[in-house]
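Report on the following structure.
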Amino acid sequence: MTVESTAARKPRRSAGTKRTSAKKSPGQDTELVQLLTPEGKRVKQAKYAEYAAYVADITPDELRGLYRDMVLTRRFDAEATSLQRQGELGLWASLLGQEAAQIGSGRATREDDYVFPTYREHGVAWCRGVDPTNLLGMFRGVNNGGWDPNSNNFHLYTIVIGSQALHATGYAMGVAKDGADSAVIAYFGDGASSQGDVAEAFTFSAVYNAPVVFFCQNNQWAISEPTEKQTRVPLYQRAQGYGFPGVRVDGNDVLACLAVTKWALERARRGEGPTLVEAYTYRMGAHTTSDDPTRYRHDDERLAWEAKDPIQRLRTYLESETDTNEGFFAELEAESEALGRRVREVVRAMPDPDHFAIFENAYADGHALVDEERAQFAAYQASFAEEGEGK
């Protein structure tokens, strides 16, 4: 696993982040669209019929494809986390626990749709055909992206929280003016929903009937801030105030995420405007590798969500309801190991980052303070070489 076991640790809490395991997030009891239970059973209820129709004819091969996507995405994510711990990457934002939300929604898109991610959509990048190793250069500090956004209609990762919602809305407005029948999807987290950029994107998309889907992965924690610090109502209900529909879906159910996102994208393509999809999931790991979640959340909360693991529930269904045999899982395990090796080899072959690049282009004509800081940093770096020579 990519996360250290915290079972033996007593959670520490910072001021202002009090939360007990019994306290519920806003709308925790609110009904959500679910087509595959945590026990791996298909849900057949009339109230979900509109969404279930989008996956009614899904084949065992397609189900195995979704499972493969999630397994390989998790393996890639685990390797990236390990590489950061070994000093090969400066930072990494893990998607552990959010594989179903990303693979389900990512596989719902068409080739001509355009995706605007945050910095955690590694599974969506996989679905769009972006080589996973291309995601790592930015986190190593050797490039500003690593891929051509127009090659896969997958925008570069966005670090500024929430700004991609406006980018997606503007792009979608352009798509509508061009008369295309493609759609746009923007990803963001529960914390980003508090940003003004997201509110502005909702306003513009509604007023101009933009063909955009806002896909919010509500993973319960915006770094150390729980969802109740972001909203007093379920996030998907915010769409009502802007005049477009919102849907809450089980974010650990890949079938539900696939179905609801297909539904929302088709609405957009038909000219029916935006939709807000809230994928109710959980960040099983840290916010990033610089975060320590044991400081603000309880182990029992994490363990409860591990029991809803998106990969295990689909495996259970495959084993019990399809002709999937052990040979499939064994081959996938071998493919997973091969992917891990390739990721390690590619990263270790990358150049070291230019430690002084942070001082360039801050000012067009230079600045005395930047020059001073550069000199101080150079002296700091040189001190390591001096220490090594003294041994």
Side-chain angles (χ1 to χ4, degrees), residues 33 35 48-59 62 65-66 69 101-118 121 123-130 147-158 163-188 197-198 200-217 236 239-240 242-249 254-279:
V33 178
L35 302 180
Y48 300 142
E50 182 178 11
Y51 307 114
Y54 286 90
V55 294
D57 298 326
I58 195 166
T59 66
E62 291 171 329
L66 293 172
D69 288 338
Q102 295 194 17
I103 297 302
S105 61
R107 287 301 179 199
T109 61
R110 289 191 332 205
E111 185 177 352
D112 60 338
D113 294 334
Y114 208 101
V115 177
F116 287 83
T118 62
E121 271 67 61
V124 184
W126 173 271
C127 293
R128 299 301 294 181
V130 177
W147 64 93
D148 178 1
N150 294 320
S151 295
N152 307 77
N153 281 9
F154 185 79
H155 200 268
L156 296 177
Y157 275 1
T158 303
S163 62
Q164 72 277 7
L166 276 175
H167 304 160
T169 298
Y171 193 95
M173 291 167 62
V175 166
K177 288 183 179 293
D178 289 342
D181 71 341
S182 56
V184 178
I185 184 168
Y187 289 85
F188 56 92
D197 284 1
V198 173
E200 292 170 11
F202 286 178
T203 297
F204 273 88
S205 65
V207 171
Y208 289 94
N209 207 46
V212 59
V213 174
F214 298 105
F215 195 91
C216 175
Q217 292 172 84
Y236 77 96
Q240 298 176 10
Y242 293 89
F244 57 87
V247 181
R248 172 177 276 190
V249 61
V254 69
L255 293 184
C257 290
L258 174 64
V260 170
T261 309
K262 279 188 173 183
W263 168 83
L265 288 167
E266 288 197 5
R267 281 193 74 256
R269 297 189 194 105
R270 291 194 302 265
E272 297 178 21
T275 304
L276 172 60
V277 177
E278 177 193 354

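Worth knowing before you read on, the calculation uses all heavy atoms, side chains too, and leaves out hydrogens, waters and symmetry mates.
Tested against Phe214, the residues Val277, Thr169, Thr275 include a single side-chain contact (heavy atoms from CB on, under 4.5 Å) partner, Thr169. With Val124 as the partner, the side-chain contact (heavy atoms from CB on, under 4.5 Å) test is satisfied by one option alone out of Val115, Thr109, Thr118: Val115.
Arg128 places a side-chain N or O within 3.5 Å of a backbone atom of Asn152 that can act as its donor or acceptor partner. Proximity of a side-chain donor or acceptor of Arg267 to a complementary backbone N or O of Glu272 within less than 3.5 Å is detected.
Taking the six-membered ring for Trp and thresholds of 30 and 60 degrees, Tyr51 and Trp263 have ring planes more than 60 degrees apart, a perpendicular arrangement. Using cut-offs of 30° and 60° for the angle between ring planes, the Phe204 and Tyr208 rings count as parallel. Ring geometry, Phe202 versus Phe244: the interplanar angle exceeds 60°, so the pair is classed perpendicular (tilted spans 30 to 60°).
Nearest heavy-atom pair, Tyr242 versus Ala206, reported as atom, atom and distance to 0.1 Å: O-CB, 3.2 Å. Here the shortest heavy-atom pairing between Pro211 and Ser182 reads CB-O, 4.2 Å.
In summary, the aromatic rings of Tyr157 and Trp147 are positioned with their centroids under 6.0 Å apart.
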Evaluate the side chain to side chain contact (heavy atoms under 4.5 Å, CB included) criterion for residues Asn153 and Asp113: first the C-alpha distance (whole Å), next the side-chain angles of each, then the deciding distance (0.1 Å), finally the verdict. CA-CA 7 Å; Asn153 281 9; Asp113 294 334; over 6 Å; no
Can you list the steps and then say if Trp126 with Arg107 is a side chain to side chain contact (heavy atoms under 4.5 Å, CB included)? CA-CA 10 Å; Trp126 173 271; Arg107 287 301 179 199; 4.0 Å; yes
Report the C-alpha separation of Tyr187 and Gln164 in whole Å, then their side-chain angles, then the decisive distance to 0.1 Å, and conclude whether the side chain to side chain contact (heavy atoms under 4.5 Å, CB included) test is met. CA-CA 8 Å; Tyr187 289 85; Gln164 72 277 7; 5.7 Å; no
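Residue Asp178 places its CG atom among more than 12 non-hydrogen atoms of other residues, nucleotides or ligands, all under 6.0 Å distant.
The existence of a salt bridge linking Asp112 and Arg269 is excluded, since no basic side-chain nitrogen approaches an acidic carboxylate oxygen closer than 4.0 Å.
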